**Student:** 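Pasting in a structure now, in structure tokens, and then I'll have a few things to ask.
These figures come from a predicted structure and were not determined experimentally. Just the heavy atoms: all of them, side chains too, but no hydrogens, waters or symmetry mates, feed the values below.
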Amino acid sequence: MAPQSIETAQQVPEDAGTPPAVLMTAALSAPPTAMSRGAPALQPSPEHAATTALKTVAAQTSSVYVTSDAVNLRAGPDQAAAILAKLKRGQALAPVGPPVGGWVEVRNGSQNGFVSARYLSNLPPA
């Protein structure tokens, strides 16, 4: 449903000290959201849950942890980007920024690179 423009006119009474005029106001109305109808808050789908959690984590913590064996640290946020290093399970990394497109820029020692967000967590693996 596309937003619609709604116009309303209001006549200002002459005895109000203001010359007669018609005031036009316009407002955009958007479809109601789940929150405005009292529905439960929306949750991200499972494939995006890790990325959403890491957005919060990156802002609150100085470390994220590798959750899988032999994870690639890449030169760019793409599976085709050059592999800079192999990371081990449980290795701590410093997030440089929030996840973008499912990838997180991290610092591994003095080297910056990108790791897929699905292989990172704010808690060390058990």
Side-chain angles (χ1 to χ4, degrees):
M1 174 182 228
Q4 297 176 346
S5 176
I6 300 171
E7 292 187 14
T8 58
Q10 184 177 20
Q11 182 72 35
V12 177
E14 289 185 42
D15 61 353
T18 305
V22 175
L23 302 177
M24 298 295 288
T25 60
L28 294 177
S29 66
T33 64
M35 294 304 292
S36 67
R37 287 183 262 145
L42 298 175
Q43 298 297 320
S45 59
E47 66 269 17
H48 298 291
T51 302
T52 302
L54 279 172
K55 284 181 184 178
T56 304
V57 170
Q60 297 174 351
T61 184
S62 60
S63 295
V64 291
Y65 300 90
V66 177
T67 60
S68 186
D69 297 325
V71 172
N72 294 321
L73 177 68
R74 295 193 178 266
D78 188 286
Q79 285 184 332
I83 297 171
L84 303 174
K86 294 276 187 185
L87 305 172
K88 296 179 181 177
R89 181 179 176 87
Q91 188 169 349
L93 305 166
V96 175
V100 176
W103 293 85
V104 180
E105 186 175 5
V106 296
R107 183 172 299 111
N108 178 34
S110 62
Q111 186 176 43
N112 279 15
F114 293 83
V115 175
S116 175
R118 74 179 112 189
Y119 300 117
L120 297 174
S121 172
N122 63 326
L123 300 173

**Student:** Of all heavy-atom pairs between A92 and Y65, which one has the smallest distance, and what is that distance?
**Tutor:** CB-CE2, 3.6 Å
**Student:** Answer yes or no: is there a donor N or O on one side and an acceptor on the other, between the side chain of Q91 and the main chain of K88, under 3.5 Å?
**Tutor:** yes
**Student:** Between K86 and A70, which heavy-atom pair has the shortest distance, and what is it?
**Tutor:** CD-O, 4.4 Å
**Student:** Looking at every heavy atom in both P95 and L93, which two are closest together, and how far apart are they?
**Tutor:** CD-O, 3.5 Å
**Student:** Could you tell me which non-hydrogen atom of S68 sits nearest to which non-hydrogen atom of Y119, and how far apart they are?
**Tutor:** CB-CD2, 3.8 Å
**Student:** Can you name the nearest heavy-atom pair linking A117 to V104, along with the distance?
**Tutor:** CB-CG2, 3.9 Å
**Student:** Got a sec, which residues hit side chain to side chain contact (heavy atoms under 4.5 Å, CB included) with D69, two or more places apart in sequence or on another chain?
**Tutor:** R89
**Student:** Measure across E105 and F114 and return the closest heavy-atom pair with its distance rounded to 0.1 Å.
**Tutor:** CB-CE2, 3.6 Å
**Student:** Is there a path of hydrophobic side-chain contacts, each under 4.5 Å between heavy atoms of I/L/V/M/F/W/Y residues, joining L84 to V115?
**Tutor:** yes
**Student:** Taking the side chain as every heavy atom from C-beta outward, state whether L120 and V106 have any pair of such atoms under 4.5 Å apart.
**Tutor:** yes
**Student:** For A94, what residues pass the side chain to side chain contact (heavy atoms under 4.5 Å, CB included) criterion, not counting sequence neighbours?
**Tutor:** R107
**Student:** Between N72 (side chain) and R74 (backbone), is there a donor-acceptor pair under 3.5 Å?
**Tutor:** no
